[in-house]
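Reviewing the structure listed below.
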Amino acid sequence: MALTHAVDKHIVQLEPGRGLLVGDSWREAATTFDVHDPGTGQVVAAVSDATAVEATRAVDAAYAAGPAWRATPPRERSDLLHRTFELMREDTDRLAELIMLENGKPEADARAEVAYAAEFFRWFAEEAVRTSGAYGESPAGGTRTVVTHRPVGVAALVTPWNFPAAMATRKIAPALAAGCTVVVKPAAETPLTAMAIARLLVEAGVPDGVVNLLPTTDAPGVVSTWLEDPRVRKISFTGSTPVGRVLLRQAADRVVNSSMELGGNAPFLVTDDADLDAAVRGALVAKFRNGGQACTAANRFYVHETVVDEFTARFGAAVEALRVGPATDPGAQVGPVITAAAATRVEQAIADAVASGARVAHRAPVPDDLTGYFVAPTVLVDVPADAPIVRDEIFGPVAPIVTFSSDDEVVRLANDSEYGLAAYVYAGNLQRAMRLGEALDAGMVGVNRGVVSDPSAPFGGVKQSGLGREGAREGLLEYTEQQYLSIDWADPS
Ligand code: NAD
C-alpha cells in the first residue's frame, strides 16, 4: 500500500485545513498545524487548530442537540451505530492508511486497529437497546423504587495518539448509545483518523451537533474551557497518568463525572512450568505490537530463574529477527515511535538501565537509510528490580528482564508499582496461572495470552492507571447516571 496514494487521495478528501466539526458543518479555524509521518518525519497534512472560542461553540452545539438525541428511541440510536460500524468496515483501507500515515504503525497493526475500533460501534449498537433498570420493594414496605439509567449529558472526550481510531470509538460509541452528545479532542499528533471517523458518523446520519470534533495544539485551553463550562457533565480521558491527574483536579471544581484510562506498567510473568514457545509468542505481541506504545504493553518481564536463560535466548532470537521499518514497508513488523523526542527518551531509558547494571542482550537491526523516529527493539538482561526502566512506563520497544525465584516474590515485585492496568501470566498449570492472576493488582490479566483488549470485556485499570471501564456493559454505564423514583405504595384503605 503506497502512502503517497494516501497523501494525494485521502488527505485531499479530508480537506486539510477544514478540520473542525462543530454543529452542522466542518469549519476552518484561523490557523493550522502540521501533522507528521513518524516513519519519515515529513509533514503530511495541515489541520485546523481549534481555540477556546471554538471549544465553547462546540459545547453550544452539543448542548442544543442533547434533548432530541436523548429522546431518540434506543433502536434508532442503535441503527446509527450499526451503520457506522458497516461504514468503518467498508472504509478499512482508507482508515488503515490514515493510521499508518500519522501514527506510523505497520499495515497489519493498522488494519487490526480498524477492526477493533469498528467493533465498539457494533458492540454498543447492541448494548444501546438493552435499557435495563431495576424495580424494588423497600424493606419496610409501603414504597416501591424504580431505578433508571439516564444519559449524563454533554461528554468531553479526550484521546491519545497511540490508537487514533480505537481510543475514539471506545468513547464515542458508548456515549452515543447512552444518549449523550459529545465534544471530542483527538491528539494533535493523530487528528486525521478521528476526522475520518467523524465523517463516517455524519454519513451514517448522526444529527447535527451530536458529535463535534476539535483538533487543536492547545489541549489545555480547549479541555479546560470544557471543564469550566457548566453544560459539560462528563470527561472521559485516555492518556498519561500525569495529565489525568491535572484533569481530575480541574474536574473537581465542578464535580464533573470522570472516567480515566491512564498509563500502565504491565508485568509479564513466566513461571518455571510455562510453555516457553507460547510465552515467547505472547511476549512478542505484548511488547512489540504498536512498537511498545500501548498502555497494555508488557513493560517488565519477570522470568523464573530456572528458565530465564532459555526464555531469553528464544525471545532474543525472535526479537533480532523483527523487521523494523516505516508503514510503507509491507514487511515491517515494528514501526517508528511517535516523535523524535519519544525516540530520544526511550534511548535514554536504555542508556540509564545499562548504567544501572543492565546489559543489552539482543537488538533488532534498524536499516541505516530510515529517516523517521526509530528505536531498535531491544532485550535487556541483568536488570535490577528497582531500575527506573522497570518502574516507569517505557512506551517503546524495550523489554527489560528481571529474574525471580518464587511465586510470592514475583507477586510482590509485580505489585510494587503505582500502576495497575494490564498484566500477563504464562504458567503451565492453569490453577497456578489463575492464582497468580488473582493476586496481581491489575484491571486486566492475560492468562497464557499476550493481548487483553476485547470490546465485550471491561477495559480499565486500578491504582493510578485510572477510574472506570470502557467496553462491555460497564462502558455504557460510564455515560449514565442512576435516578430512582420512590413511589408511594401504601394501601390507601
Ligand atoms: P498524553 O497524556 O500526553 O495525551 C493524551 C491526550 O491528552 C492528548 O489528546 C493530549 O493532547 C491531551 N492533553 C495533553 N495535555 C493536556 C492538558 N494539560 N489538558 C488537557 N489535555 C491534555 O498521553 P499520550 O502521550 O497521548 O498517550 C500515551 C499515554 O496514554 C500513555 O501513558 C498510555 O499508557 C496512555 N494510554 C492509556 C490507555 C488506557 O486505556 N488506559 C490507552 C492508550 C494510552
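Both ligands and their constituent atoms are indexed starting at 1 by order of listing. By convention here, the first residue in the shown sequence is residue 1.
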Measure up the Phe124 and Phe120 rings against each other and bin them: parallel (under 30°), tilted (30 to 60°), perpendicular (over 60°).
-> parallel

Protein heavy atom at shortest distance from atom 18 (N) of ligand 1 = Pro220 CG, 3.7 Å

Distance below 4.0 Å between atom 4 (O) of ligand 1 and any protein heavy atom?
-> no

Please work out which of Ala187, Gly239, Gly263 has its closest non-hydrogen atom nearest to atom 35 (C) of ligand 1.
-> Gly239

Just say parallel, tilted or perpendicular for the rings of Tyr426 and Phe268, cut-offs at 30° and 60°.
-> parallel

Nearest neighbour of atom 39 (C) of ligand 1 from the list Gly264, Cys295, Pro191, on a heavy-atom basis | Cys295

For Pro160, counting its heavy atoms only, list the atoms of ligand 1 lying under 4.0 Å from any of them.
-> 26 (O), 27 (O), 43 (C), 44 (C)

Are Glu126 and Arg77 ion-paired here, with the side-chain N under 4.0 Å from a carboxylate O?
-> no

Of Phe459, Tyr419, Phe395, the one whose closest heavy atom lies nearest atom 31 (C) of ligand 1 is Phe395

Do the charged groups of Asp91 and Arg94 touch, with an N to O distance under 4.0 Å?
-> yes

Salt-bridged, Arg199 to Glu203, with N to O below 4.0 Å?
-> no

Which of the listed options, Val223, Asn162, Val222, Leu262, holds the heavy atom that is closest to atom 41 (N) of ligand 1?
-> Leu262

